[in-house]
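Residue numbering restarts at 1 for every chain, and letters A, B, ... go by the order of the sequence lines. Remember, it's a predicted structure, so these values are computed and weren't measured experimentally.
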Amino acid sequence: MSTEEAPKLDFMRQIVADSIAAGTHGGRVQTRFPPEPNGYLHIGHAKSICLNFGIAREFGGRCNLRFDDTNPTKEDVEYVDSIKEDVRWLGFEWDELHFASDYFEQLYDWAVQLIKQGDAYVDSQSLEAIRAGRGTATEPGINSPFRDRSVEENLDLFARMQAGEFADGEHVLRAKIDMASTHLILRDPLMYRIRHAHHHRTGDTWCIYPMYDYAHGQSDSLEQVTHSICTLEFETHRVLYDWFVEKLGIFPSHQYEFARLNLTYCLMSKRRLLELVEADVVSGWDDPRMPTLRGLRRRGYTPESLRNFCHDIGVTRYNGLTDMVVLENALRHDLNKRAERRMAVLNPLKVVITNYPEGESELLEAVNNPEDEAAGKRQVPFSRELYIERDDFMEDAPKKFFRLAPDREVRLRWAYFVKCNEVIKDADGNIIELRCTYDPETKGGNAPDGRKVKGTIHWVSAQHAVSAEVRLYDYLLKVEDPADIPEGDAWREALNENSLQVLADCKLEPSLAEVSSDMAVQFERLGYFIADSQDSTPEKLVFNRTVTLKDAWAKEQKKG
RNA sequence: UGCCCGAUGGUGUAACGGUAGCACGAAAGAUUCUGAUUCUUUUAGUCAAGGUUCGAAUCCUUGUCGGGCAUCCA
């Protein structure tokens, strides 16, 4: 047959491929991404989005976006708009847009059906009594005293629940399954609770709202979902999912579970992220340190890098911990190809080229992106006074230090070879200026006599430079495995108090004054940066460091 | 003490009873006007014990370890 190797399928795609091969549902593939509109999407959701939309795309299927809005007290339109925007930004478009709340009427009718079948009943116990009656993992639960109400009484009570005759908590509707089941989920799970609350879409039409387990599978069924993909913590719910499908005799959607994403040094629970926002630990949901899609976007992550990352980590049923560097590498890989290079000095050290004529300047040609010839070239101004990075000079330099030091020669990127002759210090002994000489013969960066230099450093012309604030970010957590963070309030101690470092007066080459906030740039030898979409203005430039470049010298230094 | 699920180099994954492979990391080297990129090489693994089989990471049994499940959350 084909000489081409079959693409390796993860277990989920294998399931889909098998069901197509078996002709299940006529070989049709329908998935859905079902977020609850109670928070912003994060990188963990990206994995699910890439899986659901990716499978539909790869197998000629369809994927819906469905908001699981069954809890009016937690949900808000603010979130539905942002979720839509984030899904699109990631690069996906849904076939149909739905809300679980669109199915409230149907869900109600089905509940009536279950009552009539003797498969559901109204329980009038208190919350505490229901909880106590559930039993434990090792002891069976006990039947509610209301479990054997007649169908007529149940129908009447349920109708009156819906009509608003009762206060919150007075009654609930429960599925009548088995209070002694070894699956705790089957111990007469709640289907409806009374909530006199305003719903962001249905307004005050309803005062009873379905629980997740009663709404989710049926919503899938109504949308003819063939593969209902969710994370492992819903695994134990599958038996109930199937129970409703069977009792109702509706389209048999099937649930498949995969392991959610865990990342080192990264908080992923919506609850914790919300706490960070509310406690002003971060500036908001879009703080560049947040793992939210909005945060990542503002930080400078590209949708491509996120999609590639999701592909790289694969899909399994093993609950692992992915190293953050995998994410960062996916990002570097993408940015390396697309980001134009610029020169910027984060911690400026003044350099005077003593043999360069005073008051003069010239334009030198620099390549925009060595990985992409089409990116072209630009002109960079050079003059007598420059700034270089403080880290690029050492007074007592070890042999392995390839940068500037007394009597050592380095190349200024795209410019000239310079040699350091004199170190000027202030009264406290701090180095405040370097006196260097340049070799005019080396213009452009090459010596006609063929001599080599070991190092090339970046620079900016002092008189032409633009000033900017640059924000350097580090992980939000100090602990590698977020699962090690204790429950309760102590988790705050796991926060990295140095996750943000602001450099107030950095010096950038002039072309950086007009770079837009949707274009990543590489500050040569430092990393990838992006103008901050919220705070950067032509008057006050603000750049975010998206990610550093790999740094072999830093690694060498760490070795000692 | 119940039920469900999982376990392959440091990490993430592949191998569908027949050569344990890939990526990231790490180490060494080459190239380089970014100590970047790129390229080469090396490193290191089937949780344990039994069983089935000509042959087991794969199938069976038992054990060990890890995760999930007892919100009127999703």
Side-chain angles (χ1 to χ4, degrees), chain A residues 8-10 14 34-36 38-39 68-71 73-75 100 123 126-127 130-141 168-174 181-187 190-195 208-209 211-213 215-216 230-239 257 259 264 270-271 312-323 325-326 328-330 332-333 336-337 341 343 366-367 370-371 400-403 410-415 417 442 444-446 452-458 483 522-527 548-557:
Chain A
K8 278 175 188 163
L9 301 181
D10 56 65
Q14 190 63 56
E36 181 188 14
N38 71 341
D68 233 327
D69 55 349
T70 57
N71 187 351
T73 62
K74 290 190 177 177
E75 296 148 8
D123 194 352
S126 68
L127 192 160
I130 289 175
R131 202 171 282 169
R134 195 144 31 213
T136 68
T138 51
E139 309 156 45
D168 289 6
E170 267 191 77
H171 307 279
V172 291
L173 185 71
R174 300 179 75 174
S181 175
T182 52
H183 297 281
L184 302 207
I185 195 86
L186 294 183
R187 319 250 259 228
L190 271 57
M191 293 166 58
Y192 274 92
R193 75 287 218 191
I194 299 173
R195 280 279 152 85
I208 57 171
Y209 291 93
M211 303 289 292
Y212 166 86
D213 286 303
H216 199 92
C230 64
T231 48
L232 247 23
E233 65 267 28
F234 292 100
E235 193 171 1
T236 52
H237 296 234
R238 191 174 59 231
V239 56
E257 312 87 14
T264 56
K270 269 195 222 173
R271 203 184 85 233
D312 291 348
I313 56 175
V315 183
T316 65
R317 286 172 66 82
Y318 173 72
N319 230 309
L321 178 64
T322 298
D323 198 320
V325 305
V326 178
E328 294 173 343
N329 270 314
R332 291 189 182 103
H333 185 78
N336 178 48
K337 289 174 300 181
R341 271 97 240 239
M343 290 195 284
V367 171
E371 305 289 324
K400 284 187 169 178
F401 186 79
F402 302 154
R403 284 109 96 141
V410 295
R411 169 167 41 231
L412 295 177
R413 182 93 157 138
W414 309 120
F417 285 11
T442 58
N446 291 301
K452 303 279 186 203
V453 287
K454 194 72 180 157
T456 300
I457 64 174
H458 59 277
Q522 183 192 104
F523 289 180
E524 294 222 33
R525 305 206 304 131
L526 296 174
T548 61
L549 253 28
K550 281 190 195 164
D551 190 346
W553 170 238
K555 203 182 282 184
E556 182 70 32
Q557 281 177 304

Runs of at least three consecutive pairs that involve RNA chain B, where pairs are Watson-Crick or G-U with distances under 3.5 Å
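Stems for RNA chain B, defined as runs of 3 or more consecutive pairs: B:2-7 with B:64-69, B:10-13 with B:21-24, B:25-30 with B:38-43, B:47-51 with B:59-63.
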Within the 4.0 Å heavy-atom criterion, would you say [X] contacts the bases, only the backbone, or no part of the nucleic acid?
| X | answer |
| --- | --- |
| A/Ile185 | nothing |
| A/Lys454 | nothing |
| A/Phe234 | base |
| A/Thr264 | nothing |
| A/Ser126 | base |
| A/Asn446 | base |
| A/Phe523 | nothing |
| A/Glu524 | base |
| A/Pro34 | nothing |

For [N] and [M], measure between their [atom1] atoms and round to the nearest Å.
| N | M | atom1 | result |
| --- | --- | --- | --- |
| B/C72 | B/U8 | P | 36 Å |
| B/C5 | B/C73 | P | 28 Å |
| B/C47 | B/A14 | P | 14 Å |
| B/G9 | B/U42 | C1' | 14 Å |
| B/A56 | B/A48 | P | 15 Å |
| B/C60 | B/G10 | C1' | 32 Å |
| B/U53 | B/G66 | C1' | 31 Å |
| B/U64 | B/C54 | P | 32 Å |

Quick one: [X] [atom1] to [N] [atom2], roughly how many Å, whole number?
| X | N | atom1 | atom2 | answer |
| --- | --- | --- | --- | --- |
| A/Arg131 | B/A70 | CZ | P | 11 Å |
| A/Arg317 | B/U8 | CZ | C1' | 18 Å |
| A/Glu139 | B/G2 | CD | P | 13 Å |
| A/Glu257 | B/C4 | CD | P | 14 Å |
| A/Glu371 | B/U32 | CD | P | 16 Å |
| A/Glu556 | B/G35 | CD | C1' | 9 Å |
| A/Lys74 | B/U71 | NZ | P | 13 Å |
| A/Trp414 | B/A36 | CH2 | C1' | 13 Å |

Shortest non-hydrogen contact between [X] and [Y], atoms and distance:
| X | Y | value |
| --- | --- | --- |
| A/Asp551 | A/Ala554 | OD1-N, 3.0 Å |
| A/Val367 | A/Arg341 | O-CB, 4.5 Å |
| A/Thr70 | A/Tyr212 | OG1-N, 4.4 Å |

Tell me every residue that passes side chain to side chain donor-acceptor pair (under 3.5 Å) with A/Asp213, counting only those two or more places apart in sequence or in another chain.
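Listed in chain order: A/His237.
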Tell me, please, which residues at least two apart from A/Lys400 pass side chain to side chain donor-acceptor pair (under 3.5 Å).
A/Glu556
Below 3.5 Å between N/O atoms, which protein atoms pair up with nucleotides 26-28 of chain B? Just atom names and distances, please.
residue, atom, partner, partner atom, Å
B/A26, OP1, A/Lys555, NZ, 2.7
B/A26, OP2, A/Lys555, NZ, 3.1

State whether A/Arg317 and A/Glu235 are salt-bridged, where the test is any N-O pair (Lys NZ or Arg NE/NH1/NH2 against Asp/Glu carboxylate O) under 4.0 Å.
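A/Glu235 and A/Arg317: salt-bridged.
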Please tell me if [X] has a side-chain N or O lying less than 4.0 Å from either OP1 or OP2 of [N].
| X | N | result |
| --- | --- | --- |
| A/Lys550 | B/U37 | yes |
| A/Thr70 | B/A74 | yes |
| A/Arg413 | B/A36 | no |
| A/Arg195 | B/U71 | no |
| A/Arg134 | B/C69 | no |
| A/Asn336 | B/A36 | no |

Does the ring of A/Trp553 lie flat against the base of B/G35, closer than 5.5 Å centre to centre with planes under 30°?
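Aromatic stack with B/G35 present for A/Trp553.
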Student check: side-chain heavy atoms of [X] and [Y] closer than 4.5 Å:
| X | Y | answer |
| --- | --- | --- |
| A/Ile130 | A/Leu190 | yes |
| A/Val172 | A/Met211 | no |
| A/His183 | A/Thr236 | no |
| A/Met343 | A/Trp414 | yes |
| A/Asn71 | A/Asn38 | no |

Between [X] (side chain only) and [Y] (backbone N and O only), is there a donor and an acceptor less than 3.5 Å apart?
| X | Y | result |
| --- | --- | --- |
| A/Arg193 | A/Gly169 | no |
| A/Arg332 | A/Leu549 | no |
| A/Glu139 | A/Gly135 | no |

Suppose we screen for salt bridge (charged side-chain N to carboxylate O under 4.0 Å, His left out). Which residues come up paired with A/Arg134, at least two apart in sequence or across chains?
none
Before you tell me yes or no, could you show the steps for A/Thr442 and A/Arg411 under side chain to side chain contact (heavy atoms under 4.5 Å, CB included), namely the whole-Å CA-CA distance, both residues' side-chain angles and the distance that decides it to 0.1 Å?
CA-CA 9 Å; A/Thr442 58; A/Arg411 169 167 41 231; over 6 Å; no
With the side chain of A/Ala552 defined as its heavy atoms from C-beta on, choose the nearest nucleotide among B/A74, B/G2, B/A36.
B/A36
[N] base to [X] side chain: any donor-acceptor pair below 3.5 Å?
| X | N | answer |
| --- | --- | --- |
| A/Arg341 | B/U34 | yes |
| A/Arg525 | B/G35 | no |
| A/Gln522 | B/U34 | yes |
| A/His237 | B/A74 | yes |

Please figure out whether A/Glu233 or A/His183 has its closest RNA chain B nucleotide nearer the 5' end.
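First, find each residue's nearest nucleotide; the 5'-ward one identifies A/His183.
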Taking the nucleotide of RNA chain B with the closest heavy atom to each, which residue, A/Arg332 or A/Val325, is nearer the 5' end?
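By nearest-heavy-atom nucleotide position, the 5'-most residue is A/Val325.
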How would you summarise protein contacts on nucleotides 12-21 of chain B per nucleotide, using B for base, S for sugar-phosphate only and - for none, with heavy-atom distances below 4.0 Å?
SSS-B-----
